[in-house]
Enquirer: 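Take a look at this one; I'll ask things after.
Labels below follow one simple rule: chain letters A, B, ... track the order of the sequence lines, proteins then strands, and each chain is numbered from 1.
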2 protein chains.
Amino acid sequence: MRSRIEDVAAAAGVSMKTVSRVLNNEPNVRDITRERVMRAVEQLQYKPNLSARSLAGQRSCVVALVYNNPSRNYLMEIQNGMLEACRANHYNLVLGPVGSGTQRAADIKGLFEYFGPDGVVLIPPLTDDPVVLAYLQEHGVPFACIAPREPQNHIGVMMEETAAVVELVAGLIALGHRRIGHIKGPRAHGACQWRYAGYRQALRTAGLAYDPRLVVQGEFSFESGMQGANRLLDLPDPPTAIFAANDDMAAGVIRAAGERGVSVPRELSVCGFDDTPIASHIYPALTTVRQPTSEMGRLATLELLDRIRTPDGGRMVHVQHTLLFRDSTRAPAH
Amino acid sequence: MRSRIEDVAAAAGVSMKTVSRVLNNEPNVRDITRERVMRAVEQLQYKPNLSARSLAGQRSCVVALVYNNPSRNYLMEIQNGMLEACRANHYNLVLGPVGSGTQRAADIKGLFEYFGPDGVVLIPPLTDDPVVLAYLQEHGVPFACIAPREPQNHIGVMMEETAAVVELVAGLIALGHRRIGHIKGPRAHGACQWRYAGYRQALRTAGLAYDPRLVVQGEFSFESGMQGANRLLDLPDPPTAIFAANDDMAAGVIRAAGERGVSVPRELSVCGFDDTPIASHIYPALTTVRQPTSEMGRLATLELLDRIRTPDGGRMVHVQHTLLFRDSTRAPAH
DNA sequence: TTGTAAGCGTTATCAG
DNA sequence: CTGATAACGCTTACAA
């Protein structure tokens, strides 16, 4: 049979409460006592019963990852990072997919009624969702945001996306490109505004005029990348380079170019954002920006746990990007 | 405050135990009583407390997905399917990544000590892992397998992979291909033996000789697909078509061909297996076999829950494959 | 610094 | 068929 806290107490010659104090890192225990308890825990291979702990402690020891439509790869990376942080802190991770439209309010309500997570991590595009944010704030649920549009109001993790894109587009300009197209991400994603801002800023810095015809709206999907590319390449004066706001769309651009007989990178340079596996698996390999996504999941969870444990704990952490110039970009033809 | 079972009992004018009986679909409750209780549950918006239930009921209401190194897309699909089945049955899903080598025994032990899942779903390559299977059997833990090498001994889900590959390779032969290469998946994956068997069977049926030089070992990775393709294309008499045991390797084949100036599908036909997103996002789009992966996760979970609830419950479910002939295959050049 | 006793919200036992 | 009462293993008062 599995050992209980009572057995540990007996073995260490102390009371249950003292064992509980040691296990929860509470103060007011002498070091000697603490050690004695730890030894008993070791010997008996004691593992706390999570259900009992939750029931008595009126907390769930659960954090939820709440999401809606993210790219599978992105979600998987975030999830892995969160899992790591959860395990290290004896928390459990619950997945909280929510539907769209009116469904999402009901879904998040159900998640809380059922699992009662002690806190929540939000990823785009839900990071900026007013319905979800309102629910969490009203119910006083601690939450951490990944890549929110308004970082100053929240705790969580972010990357300087604008700066990253400025560097990326400046790289294209340095190669000699003067007409650079952009395929935007969906409006609901706050991050896409940062990426668009970086595109414009890079042009401005280089003294290049902004041509609105070179900017088209995408939806982050491969197909929307193809459509966007076709629109841009149909222009009387088409761009020599296209920056798509994510890798899936950039892959769509490469595919569309291939189908039109436009050679990448000889006749068209393409770059994306995220460095998902597809970026290095398509031909030619994609120039893109790498986010430390898994690390962002881990850090967001850490900040969330901080906030859970202390009312004003947690802050907005910044992580670094990495530019990856690969085979899909080159100096323009002439 | 959240309503408890006691409140429901009071509202319905019955005892707590009777409410519990109704909630757990236990027998020995009159229909009238049952209805009365249900109405009270509705009115009070009663939701059971999971921790209390686990503590008292000596079960965790948790099923674990135990995995090791699968493709991210595959894992994500399985996970989604499991999540659906778990939610529908008021079970919680816990992710159980395990390391390799000696680590995996410790990891799975830790998973059980910590979460005590009521059952486990195994996916390749862990489905066939003797260490993991031994642990589960010794501890009497119910488990379901996805795509196991020895389906007759387990409950879970499988697809007729051999038959699928026979159809696929027969398709290549029908196009006129006579020298067809194969890049195998890792040995630890039982499924790869089925795929290899299908390749050989299709050749045999068509009366084509088996040439061992046309079969190379891969590791399911994009890179190993590139390596395998290079080895096959370096042969004095290279194949006109290559069947890679999964899509990532097939994508690697296309990339390697591109880098050598070999045109796909004009000079080389390529096909994969799984229909992951990359299959439709690379250029040319990949001919492949679709598995209903998410559905497999869902079905495996249902069989597992059946087995958890009744000692001999659960069986090996078969699911259908779908052949997808796309742009990466064509009749050979001459 | 430590211990005692009373819950936490269910399910299981066993009696009606 | 139904109900009172004792677990389940832990934490939180409160006492010492």
Enquirer: Expressed as a whole number of angstroms, how long is the span from Arg59(B):CZ to dT10(C):P?
Expert: 12 Å
Enquirer: Give, ordered by number, those residues of residues 4-25 of chain B having at least one heavy-atom distance below 4.0 Å to an atom of DNA chain D; if nothing qualifies, reply none.
Expert: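 The answer is Val14(B), Ser15(B), Lys17(B), Thr18(B), Arg21(B).
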Enquirer: For Tyr67(A), check ring-ring contact (aromatic ring centres under 6.0 Å, His included) against everything at least two apart and list the hits.
Expert: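 Counting only residues at least two positions away or on another chain, Tyr67(A) forms no ring-ring contact (aromatic ring centres under 6.0 Å, His included).
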Enquirer: Rounded to whole Å, please give me the gap between CG in Asn28(A) and P in dA13(D).
Expert: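 Spelled out: CG on Asn28(A) to P on dA13(D) is 15 Å.
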Enquirer: Under the side-chain hydrogen bond (donor to acceptor under 3.5 Å, both in side chains) test, which residues partner Asn28(B), sequence neighbours left out?
Expert: none
Enquirer: Go through the structure and list residues passing salt bridge (charged side-chain N to carboxylate O under 4.0 Å, His left out) with Glu84(A), not counting sequence neighbours.
Expert: none
Enquirer: Could you tell me which residues satisfy salt bridge (charged side-chain N to carboxylate O under 4.0 Å, His left out) with Glu35(B), sequence neighbours excluded, listed by chain and number?
Expert: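 Scan of Glu35(B) (salt bridge (charged side-chain N to carboxylate O under 4.0 Å, His left out), adjacent residues dropped) gives Arg39(B).
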Enquirer: Please name all residues satisfying ring-ring contact (aromatic ring centres under 6.0 Å, His included) with His321(B), sequence neighbours left out, ordered by chain then number.
Expert: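 In terms of ring-ring contact (aromatic ring centres under 6.0 Å, His included), with neighbours along the sequence ignored, His321(B) is linked to no residue.
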Enquirer: Could you tell me whether Lys109(A) and Glu113(A) make a salt bridge, using a distance below 4.0 angstrom between a side-chain N and a carboxylate O?
Expert: yes
Enquirer: Using whole Å, what does the distance between atom P of nucleotide dT13(C) and atom CD of Glu26(B) come to?
Expert: 11 Å
Enquirer: Could you work out, with ring-ring contact (aromatic ring centres under 6.0 Å, His included) as the rule, every residue matching His90(A), not counting sequence neighbours?
Expert: Tyr114(B)
Enquirer: Check whether any side-chain N or O of Ser54(B) sits under 3.5 Å from a backbone N or O of Leu50(B) as a donor-acceptor pair, and report yes or no.
Expert: yes
Enquirer: Would you mind reading off the distance between Arg53(B) atom CZ and dA12(C) atom P, rounded to a whole angstrom?
Expert: 10 Å
Enquirer: Starting at CG of Leu55(A) and ending at P of dC8(D), how long is that distance when rounded to a whole Å?
Expert: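 About 14 Å, once rounded to whole Å.
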Enquirer: Among pairs that include at least one residue of residues 85-108 of chain A, which meet salt bridge (charged side-chain N to carboxylate O under 4.0 Å, His left out), considering only residues two or more places apart or in two chains?
Expert: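 Found Arg104(A)-Asp129(A).
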Enquirer: Enumerate the residues from residues 29-52 of chain A whose closest heavy atom to DNA chain D is under 4.0 Å, giving them by residue number; use none for an empty result.
Expert: Tyr46(A), Pro48(A), Asn49(A), Ala52(A)
Enquirer: Can you tell me which residue pairs pass the salt bridge (charged side-chain N to carboxylate O under 4.0 Å, His left out) test with a partner in residues 7-18 of chain A, sequence neighbours excluded?
Expert: Arg4(A)-Asp7(A), Lys17(A)-Glu26(A)
Enquirer: Given axes from five pairs at either end, by how many degrees does the helix from dT1(C)-dA16(D) to dG16(C)-dC1(D) bend, rounded to 10°?
Expert: 30°
Enquirer: Going by the rule ring-ring contact (aromatic ring centres under 6.0 Å, His included), which residues pair with Tyr46(A) if we only count those two or more places apart in sequence or in a different chain?
Expert: none
Enquirer: Between Arg2(A) (CZ) and dC10(D) (C1'), how many Å, whole number?
Expert: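 Checked: the CZ to C1' distance equals 13 Å.
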